[in-house]
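So you know, we letter chains A, B, ... as the sequences are listed, proteins then strands, and number each from 1. Treat the numbers as computed from the prediction; the structure is a model and nothing was measured.
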There are 2 protein chains.
Amino acid sequence: MTSARSTRNGTPGEGVSRSASARAPERGIPEATIARLPVYLRALITLSERGIATCSSEELATAAGVNSAKLRKDLSYLGSYGTRGVGYDVEYLRYQIAREIGVTQDWPVVIVGIGNLGHALANYSGFSSRGFRIVALLDSDPARLGEKLGDMRIRGFDEIETLVEELDIAIGVIATPAVSAQDVCDRLVAAGVTSILNFAPTVLNVPAGVDVRKVDLSIELQILAYHEQRKALAFDGAVDIVEPPVDPRVVESA
Amino acid sequence: MTSARSTRNGTPGEGVSRSASARAPERGIPEATIARLPVYLRALITLSERGIATCSSEELATAAGVNSAKLRKDLSYLGSYGTRGVGYDVEYLRYQIAREIGVTQDWPVVIVGIGNLGHALANYSGFSSRGFRIVALLDSDPARLGEKLGDMRIRGFDEIETLVEELDIAIGVIATPAVSAQDVCDRLVAAGVTSILNFAPTVLNVPAGVDVRKVDLSIELQILAYHEQRKALAFDGAVDIVEPPVDPRVVESA
DNA sequence: AGCTGTGAACCCATTCACAGCA
DNA sequence: TGCTGTGAATGGGTTCACAGCT
């Protein structure tokens with residue numbers, strides 16, 4: 001039953017194999033929970049820096065911006081790391097979550113496409129302070145080759161296979177224009193990258209076993225615009241013009 | 001009952017008021033659908049640019065990276081814009097979705113925090129090409145004041161109230177460090193901004209009626225890392241080394 | 001014949017409410 | 001007594017499968 005797979009995109013069939021020696025508890029953690037673990041982790045780090053040693057689910061939930069029932073349910077998928085009647089030990093829980101996510105080890109990351117956004121990402125301190133180390137910056141524009149960025153040089157995209165192999169890179173960030181994103185993605189995957197964070201505004205096709213997450217800046221704004229529009233309409237409605245042409249449905253043919 | 005609110009964060013109670021003259025059809029479109037509309041819109045624009053006049057739900061779904069049942073269900077919330085036996089008229093559907101989202105009008109946007117990321121956002125062409133126009137860049141660092149960026153000057157954060165008022169800004173983007181984000185947010189809200197896109201890695205508290213969306217770069221990577229770790233574990237299991245210390249579980253006390 | 005639009009079934013996620021433990 | 005951990009209830013979202021229209 002349920003079988004704990006889930007996996008997002010692509011062929012429904014399988015996922016990663018996992019085969020053999022399946023002796024681990026195999027606690028299938030829901031995807032929605034996984035997406036919140038980093039938020040809890042950050043909240044715990046904040047509490048920790050403030051010198052707080054213990055917290056209740058209520059306090060942690062507030063710090064993370066969720067409600068406490070959800071927090072407790074989420075944590076229950078990881079194990080029983082709290083103490084009834086008392087709460088959670090901040091350091092201990094922090095370590096457990098970090099381990100579960102996989103950020104106790106550190107992950108070499110390649111960024112492809114060093115335009116404005118790529119620059120910003122390369123300099124973003126939030127990566128290195130978690131377990132992510134930017135180990136390579138690639139760009140196909142010859143004009144940018146060799147440019148220094150912090151302590152790193154921008155290299156040609158052709159070096160990708162070598163670099164992925166030598167530096168054991170599993171995670172790639174795509175910050176190229178949309179038109180080149182699929183090609184870059186294919187090259188990354190062929191070279192052995194199995195997780196991709198895509199900033200290019202385009203849908204990427206990848207084989208099963210490769211994870212893609214997408215960050216689309218203009219989509220986020222569009223979602224806000226939708227709600228903003230509704231607020232404006234609601235307001236106009238309240239102010240009560242006879243019948244504001246909310247949606248005149250002036251449809252010209254079909 | 002249910003009352004079509006949903007609203008993400010904060011106080012469960014209400015949301016935006018919407019009050020009075022509630023006679024409009026009030027088609028409550030699910031939040032999940034709203035988040036996909038911009039994706040469909042982009043796919044339609046691509047088809048349109050390729051000169052394709054008509055498409056089936058199957059084709060559009062593929063272009064958008066979803067399955068066709070989901071696409072049809074989503075579109076059904078907007079109305080019946082297709083033709084049975086034929087498909088959808090690309091231009092027509094594009095217009096309908098754009099109108100529903102609210103990107104037929106254009107939205108003045110302020111960006112606060114012009115560091116690396118703020119620079120990148122200010123130059124990002126994806127905003128202006130949808131209905132978003134960056135009309136102000138603010139920073140509190142005096143060293144950056146007056147700096148030109150494209151055809152815009154960086155202004156002091158103090159001008160915020162005036163600018164929001166004069167330019168009728170409803171949407172703000174926060175790209176400051178985490179520590180200042182809540183203060184900036186409060187000032188934006190006080191000045192009249194009611195939608196915020198937050199790039200700072202921190203939870204923002206806002207009053208009801210204000211929408212916040214969060215883009216957190218390192219959280220995205222952490223989610224990938226989680227899956228990557230599982231892939232690695234599965235693989236090690238299959239290859240079957242005696243017991244690679246992937247995760248020694250060296251937990252010290254409780 | 002073909003494709004959309006949609007009720008119904010299913011599945012996942014959130015919330016409730018309380019049992020269980022310190 | 002107080003807080004965690006969790007079954008059970010609820011609600012939303014996705015998928016199925018087909019009725020309805022062109």
Side-chain angles (χ1 to χ4, degrees), chain A residues 1-13 25 27-37 39-40 44 53-62 64-90 92-93 96-97 253-254, chain B residues 1-13 27-37 39-40 44 53-62 64-90 92-93 96-97 254:
Chain A
M1 81 298 301
T2 78
S3 97
R5 211 341 65 81
S6 96
T7 23
R8 49 259 113 247
N9 66 351
T11 33
R27 307 146 293 180
I29 301 178
E31 194 61 30
T33 296
I34 291 161
R36 282 187 295 266
L37 292 180
V39 179
Y40 302 153
L44 285 164
T54 294
C55 68
S56 67
S57 64
E58 194 63 43
E59 292 162 332
L60 181 52
T62 304
V66 301
N67 70 47
S68 64
K70 194 187 281 182
L71 173 81
R72 288 201 304 279
K73 174 62 72 157
D74 283 341
L75 294 184
S76 79
Y77 291 114
L78 311 191
S80 287
Y81 295 137
T83 308
R84 289 169 203 241
V86 178
Y88 302 93
D89 180 288
V90 171
Y92 179 63
L93 184 57
Q96 292 301 337
I97 293 179
S253 93
Chain B
M1 80 299 297
T2 77
S3 97
R5 201 4 39 92
S6 94
T7 21
R8 47 260 113 245
N9 66 351
T11 32
R27 307 147 293 179
I29 301 179
E31 195 59 33
T33 296
I34 291 161
R36 282 187 295 265
L37 292 180
V39 179
Y40 302 153
L44 285 165
T54 294
C55 68
S56 67
S57 64
E58 194 63 42
E59 292 163 333
L60 180 53
T62 304
V66 301
N67 69 48
S68 63
K70 194 186 281 182
L71 173 80
R72 287 200 305 278
K73 174 61 73 150
D74 283 341
L75 294 185
S76 78
Y77 292 114
L78 310 191
S80 287
Y81 295 139
T83 309
R84 291 171 201 239
V86 177
Y88 301 94
D89 180 289
V90 171
Y92 178 61
L93 184 57
Q96 292 302 336
I97 293 179

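For the pair B/Y81 OH and C/dT6 P, the interatomic distance rounds to 12 Å; values are reported in whole Å. Between A/Y77 atom OH and D/dG7 atom C1' the separation is 11 Å, expressed in whole Å. Note: NZ (B/K70) to P (C/dT6) measures 19 Å, nearest angstrom. Remark: C1' of D/dT14 and CD1 of B/I29 are 17 Å apart, rounded to the nearest angstrom. In this entry the distance linking CD of B/E31 with P of D/dG11 reads 18 Å, nearest Å. One atom, CG of A/L71, and another, C1' of C/dC16, lie 16 Å apart when rounded to the nearest Å. One can place CG of A/L75 at 10 Å from C1' of D/dT4, the figure rounded to the nearest angstrom.
The two residues B/A64 and B/V39 come nearest to each other via the heavy atoms O-CG1, 3.5 Å. Closest approach of B/N67 to B/A61, counting heavy atoms only: C-CB, 3.7 Å. Heavy-atom minimum distance, A/E59 versus A/S56: OE1-N, 2.8 Å.
Tested against B/Y88, the residues B/T54, B/L44, B/L93 include a single side chain to side chain contact (heavy atoms under 4.5 Å, CB included) partner, B/L93.
Nearest-nucleotide positions on DNA chain C for A/P30 and B/S80 put B/S80 closer to the 5' end. Both B/S76 and A/R36 sit near DNA chain C, but only B/S76 has its closest nucleotide nearer the 5' end.
Checked against side-chain hydrogen bond (donor to acceptor under 3.5 Å, both in side chains), B/S57 has the following partners two or more places apart in sequence or in another chain: B/R72.
Between C/dA22 and A/Y88, no contact under 4.0 Å exists linking OP1 or OP2 to a side-chain N or O.
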**Study point:** Worked check of side chain to side chain contact (heavy atoms under 4.5 Å, CB included) between B/I97 and B/L75
**Key:** CA-CA 9 Å; B/I97 293 179; B/L75 294 185; 4.0 Å; yes
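Between A/L37 atom CG and A/Y77 atom OH the span is 11.5 Å, to the nearest 0.5 Å.
Contacts of residues 54-62 of chain B with DNA chain D (heavy atom under 4.0 Å): none.
Side-chain atoms of A/V66 and A/Y40, non-hydrogen and from C-beta on, do get closer than 4.5 Å to each other. Residues A/R36 and A/T33 have side chains in contact (heavy-atom distance under 4.5 Å, counting atoms from C-beta outward).
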Study note, to complete from the structure: Heavy-atom contacts, protein to nucleotides 16-22 of chain D, under 4.0 Å, summarised as B (base), S (sugar-phosphate only) or - (none) per nt, yield -B-BBBS
